[in-house]
S.K.: 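Below is a structure I'd like to ask you about.
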There are 2 protein chains.
Amino acid sequence: MEEFAALSGISRPTVSKYFHDPESVRSSTRARIEEALEKFDYRPNIYAVNQNRKLTKNIGIVVPYLADPFFAEMARYLEQSCIAAGYRPSLFSSHGEQKLENEILDSLRSLKPAGVLFAPLGRASDRAHIEKFCAEVPTVLFDSNLEGLGAAFIGSDNFSFVSQTVEYMTRTGEPPSFFEMRTPANPNANKRRKAYIEVMERLGFEPHVIKIDGEGWAFEEIGHQGALRVLEKGALRTNSVLCSNDRLAIGFLAACYEQGIRVGRTEECSFRVASNDDHPFAKFTCPSLTTAAHDYDNVAGCSVDTLFELIESGGKFDDRTETLFPARLVLRESA
Amino acid sequence: MEEFAALSGISRPTVSKYFHDPESVRSSTRARIEEALEKFDYRPNIYAVNQNRKLTKNIGIVVPYLADPFFAEMARYLEQSCIAAGYRPSLFSSHGEQKLENEILDSLRSLKPAGVLFAPLGRASDRAHIEKFCAEVPTVLFDSNLEGLGAAFIGSDNFSFVSQTVEYMTRTGEPPSFFEMRTPANPNANKRRKAYIEVMERLGFEPHVIKIDGEGWAFEEIGHQGALRVLEKGALRTNSVLCSNDRLAIGFLAACYEQGIRVGRTEECSFRVASNDDHPFAKFTCPSLTTAAHDYDNVAGCSVDTLFELIESGGKFDDRTETLFPARLVLRESA
DNA sequence: ATTAAAACTTAACGCGCGTAAAGTTATTAT
DNA sequence: ATAATAACTTTACGCGCGTTAAGTTTTAAT
């Protein structure tokens with residue numbers, strides 16, 4: 001930068017000021033710097049820049065499992081929103097591992113981020129570690145709520161998801177069984193089960209929860225295996241199933257197809273499957289998946305907006321807010 | 001660090017040495033540092049650490065589109081390999097945009113990475129920009145080859161993919177048409193088309209390439225729309241189709257299902273669909289997708305190994321090598 | 001015990017930049 | 001033209017650490 005300043009004929013502090021905010025220098029100075037910039041194409045080192053600044057433009061984005069298309073899509077949206085707002089996002093995936101999640105948070109401190117958008121692992125998260133992190137770095141939680149942690153939480157209203165799908169299925173056919181993993185990684189899954197039971201009881205039906213075994217993040221495979229077992233045992237009480245999430249449903253549909261069971265809402269079908277999330281590929285399952293869609297835009301948009309507010313208000317909110325967006329029922333062919 | 005050194009009773013340079021390599025200090029010193037470490041839990045700032053070091057442990061990983069499960073899976077493997085080797089990976093997605101790809105490379109310089117694993121956009125890449133970057137930073141290209149750029153290229157042998165699928169399909173049924181995007185983003189697509197034509201001619205069949213319209217990375221949707229049009233027009237010469245990649249095939253299968261066309265290799269099916277890639281979800285399509293699988297492990301493993309060699313040999317190879325791994329034909333139900 | 005080597009400490013500089021203070025020049029207002 | 005700002009330059013220090021050189025202590029070898 002010293003060199004570049006000399007070449008442009010401007011002092012280094014002024015050049016530094018220019019890079020912080022081009023509008024903060026006189027237009028004639030700006031012109032000279034930009035002229036030199038074209039000739040020598042210098043760029044400040046973004047990591048050194050943040051070394052001695054209280055407020056950086058860095059934002060950390062942490063998701064639990066990036067190979068899950070839901071989080072990949074979410075991350076894409078969040079990154080682009082941050083860039084549009086003039087921030088520099090850095091994306092991290094915990095790959096489903098607590099150890100990695102902790103390490104990511106630790107190394108995130110070095111980035112001195114202005115704020116962090118954080119979707120925790122959930123059940124596998126190290127609460128104490130995260131609590132400590134949130135106390136030091138302005139953090140907005142999304143997707144998966146850890147009670148009391150972070151300055152705010154933005155997510156989807158699981159009750160809205162399940163009540164819409166259950167009500168739709170019972171209104172247009174038989175009440176569904178609920179298909180889920182025995183030990184779900186994500187707290188949303190628990191809320192969905194509770195919502196299912198509550199809605200079923202309110203409607204005067206007996207809830208029927210099917211819990212399948214399986215660990216990790218290979219939900220399609222777990223759903224597939226689980227569905228084969230359920231179909232084989234004839235463990236279903238009615239002809240309709242509500243899956244806890246779309247990835248399980250993808251596995252369920254594959255199992256039905258293999259078994260020659262026609263799934264759908266038309267007359268020639270013997271079976272109906274619905275789900276929750278509106279996974280990016282839910283439109284392309286066979287049959288296409290009826291599902292309660294996350295309000296992607298609003299959840300992502302509200303998350304970044306909340307973080308920006310948090311940053312502007314000095315990293316602290318008076319009280320922790322929880323914002324939940326309702327689902328939008330997407331009727332396709334499977335139910 | 002100054003503080004921490006004082007607290008541990010060891011001089012700062014020695015503490016610094018410890019963090020660089022714990023084995024490089026006497027065991028008694030190491031014990032004292034680690035004791036203090038537990039009491040005060042200090043961590044060096046990873047970005048400041050790299051400031052004044054010629055050789056960092058940072059590795060950049062850049063993929064063209066992270067919301068594509070293929071790249072998500074690849075990135076996961078690469079990240080974990082780097083971590084296992086004691087490096088610190090940073091992951092970036094170009095989100096399909098040249099501008100972003102360029103910016104990522106620019107900001108990657110600030111990281112002073114020991115090396116970069118780079119899957120370029122392909123057709124949309126800014127060759128000159130990448131060339132300049134590769135001249136400064138040790139870079140290994142993977143997945144998508146840009147002739148002459150980077151110290152090495154590791155990818156899959158597209159000819160092996162297509163020859164296996166075409167030969168299998170012709171051997172067990174009718175020769176396939178080839179289904180692809182008119183203007184594919186990725187150079188692999190062009191190689192696959194050429195391979196298809198060559199193999200078909202060698203087998204004595206007339207190649208038949210179906211090009212569908214569409215831009216961007218929403219391949220399922222593009223494949224879906226394209227398939228509907230093709231099926232409507234009856235533009236197929238035989239009852240079998242080879243899709244350029246699995247994501248197009250997922251769209252194709254969805255279209256077939258909607259049209260009531262039974263796809264598969266059994267007798268009651270009127271149609272066969274095969275593809276290339278072995279996308280993580282290819283096992284869960286309906287019917288499950290017969291496809292030529294990338295050798296994920298070897299491509300990813302060889303990419304990191306090559307990069308480590310490159311780093312150890314000072315960032316330069318005598319000549320640029322291109323390593324291609326053959327496909328493994330995965331027979332499932334669709335063909 | 002003597003000695004050489006290994007490991008350490010102190011001191012100082014460097015990385016690439018932010019930032020504050022004091023002094024100088026340019027611009028705007030009157 | 002003059003004064004009051006605004007913007008700039010120079011100087012200097014700080015961030016959090018790597019790294020080197022010179023001197024001191026510890027350890028291992030004879």
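In what follows, chains carry the letters A, B, and so on, assigned in the order in which the sequence lines appear, proteins first and then strands, with residues in each chain numbered from 1.
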S.K.: Under 4.0 Å, counting only non-hydrogen atoms across every strand here, what does Arg43(B) touch: a base, just sugar-phosphate, or nothing?
M.R.: sugar-phosphate

S.K.: Just by distance, with hydrogens left out, do His95(B) and Glu79(A) show a side-chain donor and acceptor under 3.5 Å apart?
M.R.: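 Short answer, yes.
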
S.K.: Base, sugar-phosphate, or nothing: which does Ser110(B) touch, judged by heavy atoms less than 4.0 Å apart?
M.R.: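 No contact.
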
S.K.: In whole angstroms, how far is the P atom of dG16(D) from the OH atom of Tyr47(A)?
M.R.: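 Computing the Tyr47(A):OH to dG16(D):P distance gives 18 Å.
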
S.K.: Just how far, in rounded Å, is C1' of dA7(D) from CZ of Arg26(A)?
M.R.: 5 Å

S.K.: Counting only side-chain heavy atoms from C-beta out, which of dT10(C), dG16(C), dT9(D) sits nearest to Pro13(B)?
M.R.: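 Closest of the options to the side chain of Pro13(B): dT10(C).
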
S.K.: So, Tyr42(B) and Glu3(B): side-chain donor and acceptor under 3.5 Å apart, yes or no?
M.R.: no

S.K.: Rounded to whole Å, please give me the gap between CZ in Phe4(A) and C1' in dC15(C).
M.R.: 19 Å

S.K.: Just by modelled atom types, is the Tyr77(A) backbone N or O under 3.5 Å from a matching donor or acceptor in the Ser81(A) side chain?
M.R.: yes

S.K.: Does a nitrogen or oxygen in the side chain of Lys112(B) sit under 4.0 Å from OP1 or OP2 of dC15(C)?
M.R.: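 Answer is no, no contact under 4.0 Å.
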
S.K.: Between dT9(C), dG18(C), dC8(D), spot the one nearest the side chain of Asn52(A), thanks.
M.R.: dG18(C)

S.K.: Say whether Asp143(B) and His294(B), considering side chains only, have a donor N or O and an acceptor N or O under 3.5 Å apart.
M.R.: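 Not at all, the side chains of Asp143(B) and His294(B) share no donor-acceptor pair under 3.5 Å.
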
S.K.: Given atom CG of Asn45(A) and atom P of dC17(D), what is their separation to the nearest angstrom?
M.R.: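 Answer to the nearest Å: 16 Å.
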
S.K.: How do Ala48(A) and Ser28(A) order along DNA chain D: which one's closest nucleotide is nearer the 5' end?
M.R.: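 Its nucleotide being nearer the 5' end, the pick is Ser28(A).
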
S.K.: Does one side chain, of Ser125(B) or Glu101(B), offer a donor that lies under 3.5 Å from an acceptor on the other?
M.R.: yes

S.K.: Mind checking Tyr18(A) for me? I need base, sugar-phosphate or nothing, with any heavy atom below 4.0 Å counting as a touch.
M.R.: nothing

S.K.: Between dC17(C), dT9(D), dG18(D), which one does the side chain of Val49(B) approach most closely?
M.R.: dG18(D)

S.K.: Please give, in whole Å, the distance from dA7(C) C1' to Arg30(B) CZ?
M.R.: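 In whole Å, dA7(C) C1' and Arg30(B) CZ are 12 Å from each other.
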
S.K.: Whole Å only: how far is the CD1 atom of Ile46(B) from the P atom of dC17(D)?
M.R.: 11 Å

S.K.: Please confirm whether the shortest side-chain N or O distance from Thr29(A) to OP1 or OP2 of dC8(D) is below 4.0 Å.
M.R.: yes

S.K.: In whole angstrom, what separates Arg12(B)'s CZ from dA7(C)'s P?
M.R.: 20 Å

S.K.: Assuming nearest nucleotide by heavy-atom distance, tell me which of Gln51(B) and Ser11(B) is located more 5' along DNA chain C.
M.R.: Ser11(B)

S.K.: Please confirm whether the shortest side-chain N or O distance from Ser16(B) to OP1 or OP2 of dG18(D) is below 4.0 Å.
M.R.: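 Checking Ser16(B) against dG18(D): at least one side-chain N or O falls below 4.0 Å of OP1 or OP2.
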
S.K.: What integer distance in Å separates Ile10(A):CD1 from dA26(C):P?
M.R.: 12 Å

